[in-house]
> 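Just passing along the structure, written as structure tokens.
Since the model is a prediction, treat every value here as computed from it, not as a measurement. Naming convention: chains lettered A, B, ... in sequence-line order (proteins, then strands); numbering from 1 in each chain. Scope of the values below: all heavy atoms of this structure, side chains included, with no hydrogens, waters or symmetry mates.
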Amino acid sequence: MNILEIKNVTKKFGDFIAVDNMSLTVAEGEIFGFLGTNGAGKSTTINMIAGLLRANAGEIKILGKNISKHSHFAKKNIGIVPQDIAIYEDLTAYENVKFFAGLYGLRGSQLHERVEEALKFVGLSDKHKSYPKGFSGGMKRRLNIACAIAHRPKLIIMDEPTVGIDPQSRNYILNSVKKLNEMGCTIIYTSHYMEEVEEICSRIAIIDHGKIIAEGTKEQLKAIITNTKDVWIEIKPMETIDLNKIQSISGVKAVQMEENLIKVSSDISVNNLNTIIQCLINDKVEIRSLKEQSPNLETVFLTLTGRSLRDH
Amino acid sequence: MQDVMWLVRHTLKKTFSNKKNILLYFGTPLIGIIISLFVYSGSNEKNVHIGVVNNDPHYITNDTIHFIKGLEHLSVTNIKKSEIDDQITSGKLDCVLVFHQGFSKSVEQGRPGHLQIVSIHGAEITGFVKSYLYHYINNISALGKIANGDERTFWQMYERYQQSPFRTSVHPLKDTSKNIGMTYQTIGYLLMIMLFSAGSLAEMIVREKENRTYFRLLSAPINGNKYILSNIIVNMIVMTGQIMITLVMMDQVFHIKTNIAFWQMAAILMLFSLVAIGIAFITVAFANSSASAGAMQNLIVVPTCMLSGCFWPADIMPTFVQKIANFLPQRWALDALLKLQQGHSFGSLYLNLLIILAFALIFFLVSAYKFGRNNNVNNFV
Ligand SMILES: Nc1ncnc2c1ncn2[C@@H]1O[C@H](COP(=O)(O)OP(=O)(O)OP(=O)(O)O)[C@@H](O)[C@H]1O
Ligand SMILES: [Mg+2]
């Protein structure tokens, strides 16, 4: 059964089209990745699923039921982890989770158990009497998640749950996502971090300018670019180079700079390595090493959108 | 409704777990009482001079006049009908009671009439005389109704009534003018506190949007209307508390005699609390941050309270200010209280009550309209 169906959904803010005729289905039991650059329309889509924004056109169904007609049903089955942390600073961790879980009708000892369970799940059991004021960014993110799962929703939507946190908290969160999935939850996971999505998601949609430009399993997505080869060129740090020059070399599909690493994706049938190196030498760039790389999701994204996933 | 109550409990707990807020919401109304005690301490009381014209010599009339004489701070002189105009215009008398022939008969029959009150002062003088006098007469005419024309029965009951100890309950008239001033001052101040309280409670809506918890609330099975309703309920609970504390403290601790029945006073103030919520919602609907909502409330509350006479009697202000005050809800609430003190019946105040209600309604409609528009452009995300 499809837990989520989005059919031809469009959302406009004034004249600006944030989500453009999008269609998408997520089956029960998946961890579905939502990849896109800043402003691609991920949060807007999520807000529509959560019933916070109304679509201008199209239809969204949760477990086969239209969310505008069955909003209560839809909301009960969804847990949203918002991109911006939404907790009360003047309530303890326990009180925060308890309050939000109570909105779903839980009361008494059942409520208490679920709250403890959720806090334990995100590793905040020992902090349940503490106020979030003193929490680290990672702890706040984890509390933000606990508030969304205590009512045991079937579908959990996480909007960039790992933004700006320490690696330890991030690993904790990624493991919890896997565990939640094993327990039977379907998860929609939004991120800027390709490695995360590649690690945990069973299926991925790449979204750009409000449109889904590719969708499938990691393998399916990578297959889109079997005609691509990647070369990583390590150069002397702090060098400035003109990427446009490389971009204009015949056969080059995408080029990207990450610290002192130039990543060039080219058509597999074109032999342009000489030209690329020549170009760098002409610019007096010092080359340290050269490596052929098998394509990853980053390459897929780059080739499809012409832009790096993370522009910050 | 259960989810609304969950929100109400949450908001109350969150607000009052901070002990400072308890003091802020329930301590400040008492400051009004303290201020009024200072303002009116030692102010000397004025005697009211009353003339009596007795054209109906009968034991009922005589007892009635005797009753008036027994009230404190009233000096009563017998005069002739022809002297009325002279005495009143010269200011020697504040008011004259004329008992026309047939007065005692009408009372005995249970349909009191043939009584006239002449005064050039406003109701602030005659009001008290009237309210006590009517109370007395009504009691006796009630006996008349029970006796149903049987003169002997009436007389027996009348005798007993005259001797009954609870007749002495007229004594509270003592200190009235001082008490009236203190009541006015306290309630005027309370209105301002209510406006501010409603303002800061409603401000939570904006703050909730600012810290994004509103997002989470609405993604739970709660809609915006229920959330607003919960805020209204919290407002009502807090303001009811403030009203009760003020009224009980006035009565039990400070012994200020308001001269108004407790429930009537409470009813008018409760009605006004709707206005306070309405005003608060307007500031919240038009403000785009909690800081600007707060600033807007300061700009609205203090000046309107001054204009409408919350801090001093309206009639000491220039007439054009008084006219402006007619467009302010506080004026109508205070006016209703003054009228009640002067002995008007609660039912006769329907105009005041309707106007206060209309203010509340208009404020609610305007803010609802604005809230609706805000949500259309999705400002909350
Ligand atoms: N309430 C709004 N009013 C006007 N424009 C909006 C509103 N919300 C979002 N947008 C615009 O819609 C586009 C999509 O925004 P959205 O938040 O969905 O992007 P996103 O994919 O979540 O990006 P990010 O990775 O930065 O979170 C952006 O260009 C944004 O400026
Ligand atoms: Mg986003």
Side-chain angles (χ1 to χ4, degrees), chain A residues 11-14 18 43-44 46-56 67 70-92 95-107 111 131-132 140 143-144 147-148 150-151 153 155-157 159, chain B residues 1-22 24-25 200-201 203-231 233-234 289-290 371-381:
Chain A
K11 177 70 197 177
K12 294 182 196 162
F13 296 110
S43 296
T44 307
I46 289 172
N47 288 339
M48 285 190 288
I49 300 170
L52 296 166
L53 288 177
R54 201 168 301 153
N56 296 94
I67 59 160
H70 301 93
S71 102
H72 195 84
F73 171 84
K75 284 173 161 187
K76 276 208 135 161
N77 281 297
I78 301 179
I80 299 266
V81 180
Q83 179 170 0
D84 301 292
I85 295 174
I87 49 178
Y88 295 102
E89 297 272 320
D90 49 355
L91 292 184
T92 62
E95 287 166 338
N96 263 291
V97 182
K98 183 181 165 191
F99 167 62
F100 288 114
L103 292 176
Y104 294 84
L106 295 170
R107 294 288 184 277
L111 175 62
Y131 290 90
K140 282 187 190 175
L143 179 57
N144 198 35
C147 290
H151 63 285
L155 174 63
I156 300 171
I157 305 179
D159 198 352
Chain B
M1 205 56 204
Q2 232 190 1
D3 38 8
V4 176
M5 289 327 288
W6 183 255
L7 284 170
V8 169
R9 261 180 53 190
H10 161 76
T11 311
L12 286 176
K13 213 176 108 197
K14 202 158 127 353
T15 308
F16 293 110
S17 62
N18 185 345
K19 302 286 175 290
K20 254 195 322 215
N21 282 337
I22 299 180
L24 198 66
Y25 284 107
S200 60
L201 287 171
E203 223 174 273
M204 279 200 232
I205 300 173
V206 198
R207 245 176 290 132
E208 198 109 47
K209 286 183 186 179
E210 281 167 358
N211 67 22
R212 308 281 167 170
T213 44
Y214 190 64
F215 172 104
R216 225 190 237 295
L217 279 170
L218 292 198
S219 67
I222 285 279
N223 57 35
N225 294 341
K226 281 186 176 174
Y227 176 70
I228 297 287
L229 177 64
S230 79
N231 193 280
I233 295 175
V234 168
S289 71
S290 53
F371 273 135
R373 281 186 58 90
N374 289 354
N375 283 346
N376 279 346
V377 289
N378 309 306
N379 270 353
F380 58 86
V381 195

> Select, from A:A50, A:C147, A:G105, the one with the greatest count of heavy-atom pairs under 4.5 Å involving chain B.
A:C147

> With a cut-off of 3.5 Å and sequence neighbours excluded, list every side-chain donor-acceptor pair involving residues 78-88 of chain A.
from	atom 1	to	atom 2	distance (Å)
A:Q83	OE1	A:S43	OG	2.6
A:Y88	OH	B:H10	NE2	3.4
A:Y88	OH	B:E208	OE2	2.0

> Which heavy atom in B:Q2 sits nearest to a heavy atom in A:R107, and how many Å separate them?
O-NH2, 3.5 Å

> Under 4.5 Å heavy-atom distance to chain B, tell me which part of A:A148 shows up: side chain, backbone, both or neither.
both

> Looking only at heavy atoms, what is the nearest atom pair of B:W6 and A:F99, with distance?
NE1-O, 2.8 Å

> What residue in A:T44, A:D90, A:N96 has the most heavy-atom pairs under 4.5 Å with chain B?
A:D90

> Is chain B contacted by the side chain of A:N144, its backbone, both, or neither, given a heavy-atom distance below 4.5 Å?
both

> With rounding to the nearest 0.5 Å, note down the distance linking CG in A:L91 to NZ in B:K14.
6.0 Å

> Walk me through it: do A:L103 and B:R216 pass the test side chain to side chain contact (heavy atoms under 4.5 Å, CB included)?
CA-CA 10 Å; A:L103 292 176; B:R216 225 190 237 295; over 6 Å; no

> How close do B:L218 and A:K75 get, heavy atom to heavy atom, and via which atoms?
O-NZ, 2.7 Å

> How far apart are the closest heavy atoms of B:T213 and A:F100, and which atoms are they?
CG2-CZ, 4.1 Å

